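Here's the structure, in structure tokens; my notes come after.
Since this is a predicted model, take the numbers as computed values, not measurements. So that the names make sense, note that chain A is the first sequence line, chain B the second, and so on, each numbered from 1. Reckoned from all heavy atoms, side chains included, excluding hydrogens, waters and symmetry mates.
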2 protein chains.
Amino acid sequence: MVLEHELPRPVPSDELAGCPVGKLMRRVGDKWTLVLIVLLGGRAHRYNELHRSIEGISRRMLTRTLRGLEADGLVRREVHPTLPPTVEYSLTPLGRTLLVPVSAMAEWAVLHDAEMTRARAAQL
Amino acid sequence: MVLEHELPRPVPSDELAGCPVGKLMRRVGDKWTLVLIVLLGGRAHRYNELHRSIEGISRRMLTRTLRGLEADGLVRREVHPTLPPTVEYSLTPLGRTLLVPVSAMAEWAVLHDAEMTRARAAQL
DNA sequence: CTGAATCCATCGGGATACTG
DNA sequence: CAGTATCCCGATGGATTCAG
């Protein structure tokens, strides 16, 4: 039988930091990833549509973030060879499954965000 | 009746990026926060105990991360005036509620992390 | 044992300009 | 319309040293 069930790999450093949870949080913890996931969770969007919907994002970061999500198989990029070209972004099935835990985080956030703010304010 | 149901506040910039969800993900998305939450979710730990349990963390970052969690009311710091002094860190009730959505993220991570890795590998 | 202080490398991310 | 390329700055975080 498989005895190496608990520790599939050597884990040379960072122990828990290298675990899937930490990886995921860092993956979606940047400035724009979550916004895109939530937006695309609603419906497919075109590039400039996203750029307009997300106030404050630069085209550079929009592209980079989308490319990252695409590389991880969370977002699909469809180019329609029209003139001018139109590109549509949508969540993949894998990306849509991510909406579940994200919602759990969202629920906690809306419930307890104020509490954290108050705690931080009370420090002064 | 309340017509401003959909947009409670002005949201001058960053729209969704300033929402509680994004704030939370950025809050716990750094390198060590989640590791600490999970570890302290098990039981209270002393400073050097944490330092030994988390391979790769510097004392500087351990202290900084703990202070941040403490400021947000997620972690409690108890100093026992012994000689030498001993300090115990544990999750507050608020911090423990965070274990719920974190577990949801964890479940997704262990289920789909390999899928993301494969997707990324397939890009080459 | 439990930190604080300082220095320094890396990196995320914004502004701007250019392209097919 | 949908990007790419370059420059640049502030934040993150590691290494090291000092201290109660």
For this session: Return each pair, listed once, that meets ring-ring contact (aromatic ring centres under 6.0 Å, His included) where at least one residue sits in residues 104-124 of chain B; pairs must be two or more places apart or across chains.
Result: B/Trp108-B/His112

Exercise. Does B/Arg59 place a side-chain N or O at less than 4.0 Å from the phosphate oxygens OP1/OP2 of C/dA4?
Worked result: no

For this session: Could you tell me whether a side-chain N or O of A/Thr97 sits under 3.5 Å from a main-chain N or O of A/Leu94, the two making a donor and an acceptor?
Result: yes

For this session: Sequence neighbours left out, what passes ring pair (Phe, Tyr, Trp, His ring centres under 6.0 Å) with A/His45? Give chain and number order.
Result: none

Exercise. Does anything in residues 77-85 of chain B reach DNA chain D, meaning a heavy atom under 4.0 Å, and if so which residues?
Worked result: none

Exercise. Think A/Tyr47 has a side-chain N or O under 4.0 angstrom from the OP1 or OP2 of D/dT4?
Worked result: no

Identify the pairs formed between an N or O of the protein and an N or O of nucleotides 6-8 of chain C at a distance under 3.5 Å, and give each distance.
{"from": "C/dT6", "atom 1": "O4", "to": "B/Arg60", "atom 2": "NH1", "distance (Å)": "3.2"}

Under 3.5 Å donor-acceptor pairs involving side-chain atoms of residues 59-66 of chain A, not counting sequence neighbours:
{"from": "A/Thr63", "atom 1": "OG1", "to": "A/Tyr47", "atom 2": "OH", "distance (Å)": "2.9"}
{"from": "A/Thr63", "atom 1": "OG1", "to": "A/Arg59", "atom 2": "O", "distance (Å)": "3.0"}
{"from": "A/Thr65", "atom 1": "OG1", "to": "A/Met61", "atom 2": "O", "distance (Å)": "2.6"}

Problem set entry | Pairing residues for A/Ala109 by the side chain to side chain contact (heavy atoms under 4.5 Å, CB included) criterion, not counting sequence neighbours | B/Pro20, B/Leu24

Exercise. Between A/Thr86 and B/Met61, which is nearer to the 5' end of DNA chain D once each is assigned its nearest nucleotide?
Worked result: A/Thr86

Exercise. How many Å lie between CZ on A/Arg64 and P on C/dG12, as a whole number?
Worked result: 7 Å

Exercise. Through what angle, rounded to 10 degrees, does the axis of the helix from C/dC1-D/dG20 to C/dG20-D/dC1 turn between its ends, using five pairs per end?
Worked result: 40°

Exercise. Can you name the residues that form a side chain to side chain contact (heavy atoms under 4.5 Å, CB included) with A/Ala106, not counting sequence neighbours?
Worked result: B/Val21

Problem set entry | Near-strand residues of residues 66-74 of chain A, defined as heavy-atom separation under 4.0 angstrom from DNA chain C | none

For this session: Only pairs at least two apart or in different chains count here, so list each ring-ring contact (aromatic ring centres under 6.0 Å, His included) that has a residue in residues 49-98 of chain B.
Result: none

For this session: Could you list all the salt bridge (charged side-chain N to carboxylate O under 4.0 Å, His left out) pairs where at least one residue sits in residues 78-87 of chain B, not counting sequence neighbours?
Result: B/Arg76-B/Glu78

Exercise. So which pairs with a foot in residues 97-123 of chain B pass salt bridge (charged side-chain N to carboxylate O under 4.0 Å, His left out), sequence neighbours left out?
Worked result: A/Lys23-B/Asp113, A/Asp72-B/Arg120

